[in-house]
Trainee: 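What follows is a structure written as structure tokens; I'll ask about it next.
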Amino acid sequence: MSGHRILLVEDDKEISGLIQLYLSSHGYEVQSARDGIEGLKQFEMTAPDLVMLDIGLPGMNGLEICENIRKVSNVPILFISCNTENEDIIHGLGLGADDYITKPFDPKVMVARVEANLRRAPIFHRVAVPARGDFRKLSFGGLEIDMSNYTVRLNGNPVSISTKEMQILLFLAQHPDRVFTAEDLYRHVWGAESYSDTRTVVVHISSLRKKIEANPSDPVFIQNIRGYGYKFNSQPNPGESL
């Protein structure tokens with residue numbers, strides 16, 4: 001049995017009941033709230049292992065809750081959204097959410113995504129130590145990744161990135177010049193199959209590029225290989241990253 005505590009913030013009684021039923025049957029302890037303000041209070045009181053947020057909540061919407069949580073915690077956040085809320089999903093992932101499911105959803109897929117996001121151990125459990133060279137830092141042109149404290153600098157300046165962005169960056173940087181599909185990245189970073197929905201990966205990479213690339217539309221570090229996927233460029237032109 002899991003034993004993990006999940007905070008579910010969902011104002012639809014039927015959907016909330018269905019989610020609680022399936023998660024409870026898999027051994028999760030589910031705390032629920034029906035509006036945003038109550039959800040934030042529950043978060044502060046219960047210290048959950050994962051948060052599931054509906055985007056369109058009364059009082060305080062899911063995006064606002066996500067933003068508030070990210071100021072104090074790296075707990076996995078999973079959005080629950082309608083198919084018509086694509087822009088909100090992109091915004092939410094940019095605020096630091098880890099993943100999302102859309103209504104209507106297959107309960108088995110929902111549980112699988114919860115399990116995948118809970119399996120994401122702290123970053124240092126996800127990455128391998130380089131076999132040679134500096135055990136603490138990876139450097140590519142003006143980009144420096146410090147593995148001892150999980151910080152990133154670009155041309156000497158600190159870059160603030162989310163946990164999931166850091167996991168993607170570390171995975172790619174530790175496998176330079178290898179091409180990975182979006183499905184590959186979801187499987188390696190999230191720890192599960194993507195179920196053919198890879199927008200989560202695409203949005204996180206887009207957000208990451210805005211932070212480490214001088215020109216995100218013409219990236220130097222994380223490059224698109226058309227028709228295949230993404231690769232990390234091990235020999236960027238330093239002049240391009242300035």
Side-chain angles (χ1 to χ4, degrees), residues 1-121 162-164 186-187 190-201 203-204:
M1 300 295 281
S2 168
H4 286 104
R5 181 183 296 114
I6 294 176
L7 172 61
L8 169 63
V9 190
E10 168 63 68
D11 64 328
D12 187 303
K13 185 176 180 180
E14 185 175 343
I15 292 176
S16 177
L18 178 65
I19 292 174
Q20 290 184 68
L21 176 65
Y22 271 85
L23 291 178
S24 296
S25 70
H26 283 76
Y28 295 104
E29 177 186 341
V30 184
Q31 305 287 334
S32 65
R34 293 288 176 82
D35 63 69
I37 295 173
E38 177 62 23
L40 205 53
K41 289 179 180 178
Q42 287 280 352
F43 173 79
E44 294 169 352
M45 291 189 297
T46 62
D49 299 300
L50 179 141
V51 179
M52 299 182 71
L53 293 175
D54 184 20
I55 289 181
L57 292 166
M60 177 186 291
N61 67 36
L63 300 174
E64 293 173 292
I65 298 175
C66 177
E67 192 169 18
N68 276 277
I69 290 175
R70 279 292 172 257
K71 292 176 182 178
V72 297
S73 174
N74 247 353
V75 64
I77 296 176
L78 179 66
F79 273 122
I80 308 167
S81 72
C82 297
N83 285 317
T84 57
E85 296 174 322
N86 284 342
E87 291 301 317
D88 285 335
I89 290 171
I90 292 171
H91 187 192
L93 294 173
L95 289 173
D98 295 87
D99 206 352
Y100 69 92
I101 55 173
T102 54
K103 307 172 188 174
F105 52 82
D106 182 332
K108 293 180 181 179
V109 172
M110 180 270 294
V111 172
R113 286 198 179 254
V114 166
E115 291 175 345
N117 281 279
L118 281 168
R119 277 198 304 268
R120 73 162 182 86
S162 71
T163 298
K164 197 58 68 181
Y186 194 94
R187 185 169 61 254
W190 277 260
E193 296 299 326
S194 67
Y195 301 100
S196 300
D197 191 343
T198 57
R199 284 179 296 174
T200 303
V201 175
V203 172
H204 279 295

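Throughout, residue positions are numbered sequentially from 1 according to the sequence presented. Only a predicted model underlies this, so the values are computations on that prediction, with no experimental measurement involved.
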Trainee: How close do Gly62 and Leu53 get, counting heavy atoms only, and between which atoms?
Mentor: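 Distance-wise, the nearest heavy atoms are O-CD1, 3.5 Å.
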
Trainee: What are the two closest non-hydrogen atoms of Phe79 and Gly92, and how far apart are they?
Mentor: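 Heavy-atom minimum between the residues: CE1-CA, 3.4 Å.
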
Trainee: Could you state the interatomic distance from CD1 (Ile19) to CE (Met52), rounded to the nearest 0.5 Å?
Mentor: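 Rounded to the nearest 0.5 Å, the CD1-CE separation comes to 4.5 Å.
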
Trainee: If every non-hydrogen atom of Ser24 is compared with every non-hydrogen atom of Val30, which pair is closest and at what distance?
Mentor: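 In terms of heavy atoms, the two residues are closest at OG-CG2, 4.1 Å.
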
Trainee: Measure from the side-chain N and O atoms of Trp190 to the backbone N and O of Asp98, and report whether any donor-acceptor pair falls under 3.5 Å.
Mentor: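 Yes, the answer is positive, given that a donor and an acceptor are paired below the 3.5 Å cut-off.
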
Trainee: Drop me the distance from Leu7's CG to Met45's CE, to the nearest 0.5 angstrom.
Mentor: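 The CG atom of Leu7 sits 9.5 Å away from the CE atom of Met45.
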
Trainee: Measuring only between side-chain heavy atoms, which start at C-beta, is Leu118 closer than 4.5 Å to Tyr28?
Mentor: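 They are in contact (side-chain heavy atoms under 4.5 Å apart), so the answer is yes.
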
Trainee: Test your reading of the model: is there a side-chain donor-acceptor pair from Arg70 to the backbone of Ile65, 3.5 Å cut-off?
Mentor: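 Not confirmed, Arg70 side chain does not pair with Ile65 backbone.
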
Trainee: With the side chain counted from C-beta on, respond yes when Phe43 and Val72 share a heavy-atom pair under 4.5 Å apart, and no when they do not.
Mentor: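 A side-chain contact exists here, since the closest heavy-atom pair is under 4.5 Å.
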
Trainee: Which value, rounded to the nearest 0.5 Å, describes the distance between Ile80 atom CD1 and Asp12 atom CG?
Mentor: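 Nearest 0.5 Å value for the CD1-CG distance: 10.0 Å.
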
Trainee: Would you name the heavy atoms of Asp11 and Leu57 that are closest together and state the gap between them?
Mentor: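 Answer, listing the atom of Asp11 first, then Leu57: N-CD2, 3.8 Å.
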
Trainee: Go through the side-chain N and O atoms of Asp99 and Asn117 and say whether any donor and acceptor fall under 3.5 Å apart.
Mentor: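 Their side chains do contain a donor-acceptor pair, which is all the 3.5 Å distance test asks for.
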
Trainee: Can you check whether Met110 reaches Leu23 side chain to side chain, under 4.5 Å on heavy atoms?
Mentor: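 Side chain of Met110 against side chain of Leu23, heavy atoms only: contact under 4.5 Å found.
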
Trainee: How far apart are the closest heavy atoms of Ser81 and Ile55, and which atoms are they?
Mentor: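 Minimum heavy-atom separation between Ser81 and Ile55: CB-CD1, 3.6 Å.
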
Trainee: Rounded to the nearest 0.5 Å, what separation is found between the CD atom of Glu64 and the SG atom of Cys66?
Mentor: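 Going from CD on Glu64 over to SG on Cys66, the span is 11.0 Å.
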
Trainee: Quick check: do Leu8 and Asp54 have side-chain heavy atoms less than 4.5 Å from each other?
Mentor: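 SC-SC contact between Leu8 and Asp54 ruled out.
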
Trainee: Determine, step by step, whether Tyr100 and Asp88 satisfy the side chain to side chain contact (heavy atoms under 4.5 Å, CB included) criterion, reporting the C-alpha distance in whole Å, the side-chain angles of both residues, the deciding distance to 0.1 Å, and the verdict.
Mentor: CA-CA 11 Å; Tyr100 69 92; Asp88 285 335; over 6 Å; no

Trainee: Any side-chain heavy-atom pair from His4 and Leu50 closer than 4.5 angstrom?
Mentor: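 They are not in contact (no side-chain heavy atoms under 4.5 Å apart), so the answer is no.
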
Trainee: Working note: Met60 + Asn68, criterion side chain to side chain contact (heavy atoms under 4.5 Å, CB included); need CA distance, chi angles, decisive distance, verdict.
Mentor: CA-CA 11 Å; Met60 177 186 291; Asn68 276 277; 4.3 Å; yes

Trainee: Quick one: pull up CD1 in Ile101 and CD1 in Ile89 and give me the separation to the nearest 0.5 Å.
Mentor: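 Interatomic distance, Ile101 CD1 to Ile89 CD1, rounded to 0.5 Å: 10.5 Å.
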
Trainee: Provide the full list of salt bridge (charged side-chain N to carboxylate O under 4.0 Å, His left out) pairs with a residue in residues 33-52, sequence neighbours left out, each pair given once.
Mentor: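 Listed once each, the pairs would be none.
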
Trainee: I'd like to check Gln20 versus Ser32 (side-chain heavy atoms, cut-off strictly below 4.5 Å). Are they in contact?
Mentor: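 They are in contact (side-chain heavy atoms under 4.5 Å apart), so the answer is yes.
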
Trainee: Decide if atom OH of Tyr22 counts as having more than 12 heavy atoms of other residues, nucleotides or ligands within a radius under 6.0 Å.
Mentor: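 No - once you tally the heavy atoms of other residues, nucleotides and ligands closer than 6.0 Å, there are 12 at most.
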
Trainee: Evaluate side chain to side chain contact (heavy atoms under 4.5 Å, CB included) for Glu115 paired with His26, printing each intermediate quantity in order.
Mentor: CA-CA 10 Å; Glu115 291 175 345; His26 283 76; 4.0 Å; yes

Trainee: Between Pro107 and Leu18, what is the shortest heavy-atom contact and its length?
Mentor: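 Smallest interatomic distance, heavy atoms only, reads CG-CD2, 4.4 Å.
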
Trainee: Passes side chain to side chain contact (heavy atoms under 4.5 Å, CB included), Leu63 versus Glu67? Steps please.
Mentor: CA-CA 6 Å; Leu63 300 174; Glu67 192 169 18; over 6 Å; no

Trainee: Sequence neighbours left out, what passes salt bridge (Lys or Arg N to Asp or Glu O under 4.0 Å) with Glu29? Give chain and number order.
Mentor: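 Result, salt bridge (Lys or Arg N to Asp or Glu O under 4.0 Å) vs Glu29: Arg5.
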
Trainee: Kindly compute the distance separating CD1 (Ile15) from CD (Glu10), expressed to the nearest 0.5 Å.
Mentor: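 Ile15 CD1 to Glu10 CD: 5.0 Å, rounded to 0.5 Å.
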
